[in-house]
Amino acid sequence: MNGEPIIQVRGLHKFYGRLHVLRGVNLDVRRGEVVVIIGRSGAGKSTFLRCLNYLEEPSAGTVVVDGIPLPSGERAARAWSQVRQVRMRVGMVFQEFNLFAHMTALENVIEGPLTVRGMPRDQAVALGERLLAKVGLLDKRDVHPARLSGGQKQRVAIARALAMEPRIMLFDEPTSALDPELIGEVLAVMRDLARDGMTMVVVTHEMGFAREAAHRVIFMDAGEFVEEGPPEQIFTAARDPRTRQFLTHVL
Amino acid sequence: MAHAGEAAAIEQAVSRRLAAFARAQQIRLALVWVGLAAALGWLFARFRFDYGFMVGWAAFLVRGVPITIGVSVVSITLALVLGLVAALGRLSGNPVAHGVATFYTSFIRGTPLLVQVYLIYLGLPQLGIVLDAIPSGVAALSINYGAYIAEIIRAGILSVGRGQVEAALSLGMTRTQVMRRIVLPQALRVVVPPVGNEFIAMLKDSALVSVMGVWELTFRATKVGRQYFRSLEMLVFAAAIYWGLTILFSTLQSRVEGRLARAYER
C-alpha cells in the first residue's frame with residue numbers, strides 16, 4: 001500500500017441541471033486499499049462512484065485513475081480512448097447486477113475478455129471457468145440469468161468484472177437489491193477479494209462489511225465527504241454530528 | 001404416508017380434468033373453424049364458379065408463388081437493413097443522420113404504397129433509370145417496409161435497459177461493440193414478432209407490384225381472369241393461396257419466437 005495513489009480525485013463537482021450533486025470532492029486511494037463510502041440515499045455516493053469510470057461525466061475537477069486522466073468539464077474533445085483505458089482497468093458491480101440477459105453465466109464472464117481484450121476463445125473460457133469457480137458458481141456456467149437467484153447473479157457479475165483483470169473494483173450498493181438471506185454469499189466473495197489485495201471502492205449500507213473489510217470509511221452527506229477515517233474511529237468515535245446521527249440510525 | 005398417497009391422487013385427478021378441459025376447448029375451436037369455412041364455401045358456391053377452369057389454370061397460377069415468396073423474402077431482408085440504418089440514424093446524435101432518417105420515415109409512412117410503386121415504376125425512367133420489373137418491385141416494397149421496420153427496431157433498441165449498456169461500457173466496450181454484442185441481440189427478441197407480422201403483411205402487399213408487370217400471383221390471376229372474363233374465380237383462387245401461405249409463415253414465426261424466448265425462461 002505505498003507509492004502513487006491509484007485513484008486521485010481533486011475538486012470533483014457534478015451538476016444535474018441546477019442540482020448540485022457533488023460539491024468539490026477530493027480522494028486519494030492507495031493500491032490495495034479498501035475504501036467504503038456510507039451515507040444516506042441521495043448523498044451522492046453512487047454518482048461519485050460512477051464518475052470514477054466515467055459512467056457520469058464530471059462537471060468540474062479532475063479524476064486520475066492508474067495514471068490516466070479522465071476528461072472533464074469544459075474539455076470539448078472527449079478522449080474516448082482514455083475513457084476506455086480506464087474502464088478496462090476498473091471493474092464495476094451494480095446494484096441491479098445488469099447481467100447480459102441473452103447470455104449464459106459463462107458467456108457473461110467471457111464477454112469482456114473476448115470482445116474488449118480480444119482473447120482467444122479457449123483461453124477466455126478457461127479464465128471464465130476459473131472465475132466462476134472462485135465465486136462458487138461453476139455448476140451454473142450454462143444457465144441464463146433469468147434462472148439465477150439474486151445472490152448468484154451478483155456473484156456472476158463480480159466474476160464478469162474480474163475477467164477483465166482489473167486493478168480496481170467499484171461496488172455500487174452490491175447487496176441492496178438482495179433478499180437478506182442472500183447478502184452473506186456476496187459479501188463473502190467481496191471479503192475474499194479484499195483479502196487478496198484488490199483495490200476496492202465500495203458504496204454500501206452493510207456496516208458490518210465496512211467495519212471488517214474497510215481500511216478507510218468515508219461518510220458522505222449532501223454531495224460532500226463529511227468525515228473519513230479507519231472504521232473503528234468512524235463507528236465508535238465519529239467527530240461530526242451528522243456522522244453520529246447517521247450511524248445511530250443504521251447501527 | 002397415507003397423506004402423501006392422497007395428495008398424489010388429488011393432483012392426478014386435477015391434472016386429468018385440466019387436460020380434458022383443454023381438449024374440449026380445442027374441439028370447440030376446430031368446430032367453429034369448420035363451421036365458418038363451410039359458410040364461406042356456401043357463399044362461393046353461389047358465385048357459380050367454373051371449377052374446371054380454375055383447375056385448368058392452377059399450375060399457371062401456382063408458378064407465381066415462388067415469385068411472390070421470393071420478392072417478399074428479398075424485400076423484407078433489404079427492409080430490415082434499411083430499417084436498422086434508419087433506426088440507428090434516428091437514435092444518433094448526429095443531426096444529418098437524424099434528419100435523413102426522420103425525413104425518410106415521415107415521407108414513406110405519409111404516402112400510399114401504391115403511389116410509391118408508381119413513383120418507382122413511372123418516375124425512375126423519367127430520370128433515365130430503367131429497372132426490370134422485379135428489381136423495381138423489390139425496391140418499392142423494401143423502401144416502404146423499411147420505414148415501418150425502422151420504428152419497430154427503434155422501439156426494440158429502446159426496450160433494452162440502460163443498465164445493460166452501462167455494464168457493457170464499464171467493461172471497456174466501444175459504442176459499436178455495445179450495440180452489436182449487447183443491445184441488438186436483446187432487441188431481436190422484441191423485434192421478431194412485429195417483423196414477422198410485417199412479412200406476412202408484405203406477402204399480400206407484394207400483390208401491388210403486379211402493376212409493374214411482375215409475374216407474381218396476383219398478376220397471373222388478373223391476367224388470366226381478364227382474358228377469359230373469369231376474374232373472380234382467379235382472384236378467389238389467388239386469395240386462397242395467399243391465405244395458405246400466411247398460415248404457413250405464421251406457424252414458422254411462432255416457432256422462431258419460441259426459440260428466442262428460451263434464454264428468458266425462468
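Scope of the values below: all heavy atoms of this structure, side chains included, with no hydrogens, waters or symmetry mates. Just so we're on the same page: letters track the sequence lines, and every chain starts at 1.
Phe94(A) touches chain B through its side chain: at least one heavy atom from C-beta onward sits under 4.5 Å away, while N, CA, C and O do not. For Arg160(A), the parts lying under 4.5 angstrom from a heavy atom of chain B are both the backbone and the side chain. Heavy-atom distances place the side chain of Met164(A), and not its backbone, under 4.5 Å from chain B. If you measure heavy-atom distances from Val93(A) to chain B, you find no contacts under 4.5 Å at all. Interface remark: Leu99(A) contributes backbone atoms only to the contact with chain B (heavy atom separation under 4.5 Å).
The 12-atom threshold is not exceeded at CZ of Arg259(B), counting heavy atoms of other residues, nucleotides or ligands nearer than 6.0 Å. In this structure, Glu11(B) places its CD atom where only 12 or fewer heavy-atom neighbours from other residues, nucleotides or ligands lie under 6.0 Å away. A 6.0 Å sphere centred on CZ of Arg175(B) holds no more than 12 heavy atoms belonging to other residues, nucleotides or ligands. Other residues, nucleotides and ligands place more than 12 heavy atoms under 6.0 Å from the OH atom of Tyr16(A).
Within the 4.5 Å cutoff, the side chain of Ser170(B) has no heavy atoms near those of the Tyr54(A) side chain. For the pair Glu166(B)/Arg50(A), a side-chain contact is recorded, criterion being any heavy-atom separation below 4.5 Å from C-beta on. Two residues are said to be in side-chain contact when any heavy atoms from C-beta on lie closer than 4.5 Å; Arg87(A) and Met173(B) fail this criterion.
In this structure, CG on Leu171(B) lies 11.0 Å from CG on Leu114(A), to the nearest 0.5 angstrom. Between Glu96(A) atom CD and Arg162(B) atom CZ the span is 15.0 Å, to the nearest 0.5 Å. Taking CD of Gln186(B) as the start and CZ of Phe100(A) as the end, the distance is 8.5 Å to the nearest 0.5 Å. Atom OG1 of Thr115(A) is separated from atom CZ of Arg181(B) by 4.0 Å, given to the nearest 0.5 angstrom.
At least one donor-acceptor pair closer than 3.5 Å links the side chain of Arg84(A) to the backbone N or O of Gly172(B). In this structure, the side chain of His102(A) does not engage the main chain of Leu188(B) through any donor-acceptor pair within 3.5 Å.
Below 4.5 Å, heavy atoms of chain B meet heavy atoms from His144(A), all part of residues 131-144 of chain A.
Arg255(B) is linked by a side-chain hydrogen bond (donor to acceptor under 3.5 Å, both in side chains) to nothing, counting only residues two or more places apart in sequence or in another chain.
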